[in-house]
Amino acid sequence: MRIILLGEPGAGKGTYSAEMVKKYGIPQISTGDMLRAAVKAGTTLGRQAQEFMKKGELVPDSVVIGLIRERIQQSDATQGFILDGFPRTVPQAESLEKTLEGMGITLSTVLKIEVSKALLLKRLTGRRVCPNCGATYNIDTMRPQKEGICDKCGKELVQRPDDRPETIENRLTIYQKDTAPLIEFYEKKGLLKRVDCEGEYEEVLERLFSALEKTARV
Ligand code: AMP
């Protein structure tokens, strides 16, 4: 299955992708995670990307397109993948289409995660991450066993620099301007499936999986 998860920052793309990885055994491909890894490693690409990321702006299309093109051709992605945070602009979506065409494959479905702005803000401001292993928590809804400490590796949790209130509004505005047009882009192709992701976690998961199983082309 080749899935795109579409939704605002904080909609839960990373969390739901991880559930899909468990269920379908296909990799989650997150451009945000790839870029953060490049920043941490201090590569040239990482240094360039960091300037955009810390302001909550999008990294140039050419950079992320190159990353994705390489990543989806790796051997673990031959049975499928979950794209989390890519595409984020129409040119990225068009380039993805060309790459997939060149590989002789098509997308199965595009799931649009629907949540209220109030919930987005709560998720973003409450999100804490482990700088060591990347595990994600939330101070309201997904607390670690010991406050401020990663359950998996014991490191102290931090707030992502772009989850600070002053950057969040910018990210949501950029989403509306650059990423929201993808809803119509994929709707026209008959690939878009909207899923209401408010409510109990297990119920949301059920709705997501049922949407996937009903609509996904393998
Ligand atoms: P995320 O973890 O998906 O919220 O991404 C964090 C940041 O990485 C974003 O605010 C952007 O600065 C950058 N980023 C991630 N994915 C993309 C993308 N597809 N296009 C441009 N910038 C991206």
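Both counts, for ligands and for their atoms, begin at 1 and track the order of listing. All residue numbers refer to positions in the sequence shown, counting from 1. Given the structure is predicted, the values throughout are model-derived calculations rather than measurements.
- Neither side chain, Y24 nor E19, offers a donor N or O lying under 3.5 Å from an acceptor on the other.
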Evaluate Q74 against R71 for side-chain hydrogen bond (donor to acceptor under 3.5 Å, both in side chains), listing each step before the verdict.
CA-CA 5 Å; Q74 286 171 8; R71 181 65 186 89; 3.2 Å; yes
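- Listed by chain and number, T31, G32, L35, R36, M53, E57, L58, V59, V64, G85, F86, R88, Q92, R160, D162, R171 each place a non-hydrogen atom less than 4.0 angstrom from ligand 1.
- By the side-chain contact (heavy atoms from CB on, under 4.5 Å) test, T179 pairs with L6, R88, Y175, L182, sequence neighbours left out.
- The side-chain contact (heavy atoms from CB on, under 4.5 Å) test applied to D163 returns L124, R127, Q159, R160, R171, not counting sequence neighbours.
- Annotation: salt bridge (charged side-chain N to carboxylate O under 4.0 Å, His left out) contacts involving residues 132-158, sequence neighbours excluded, are absent.
- Side-chain atoms of T89 and D178 form no donor-acceptor pair, as typed in the model, at a separation below 3.5 Å.
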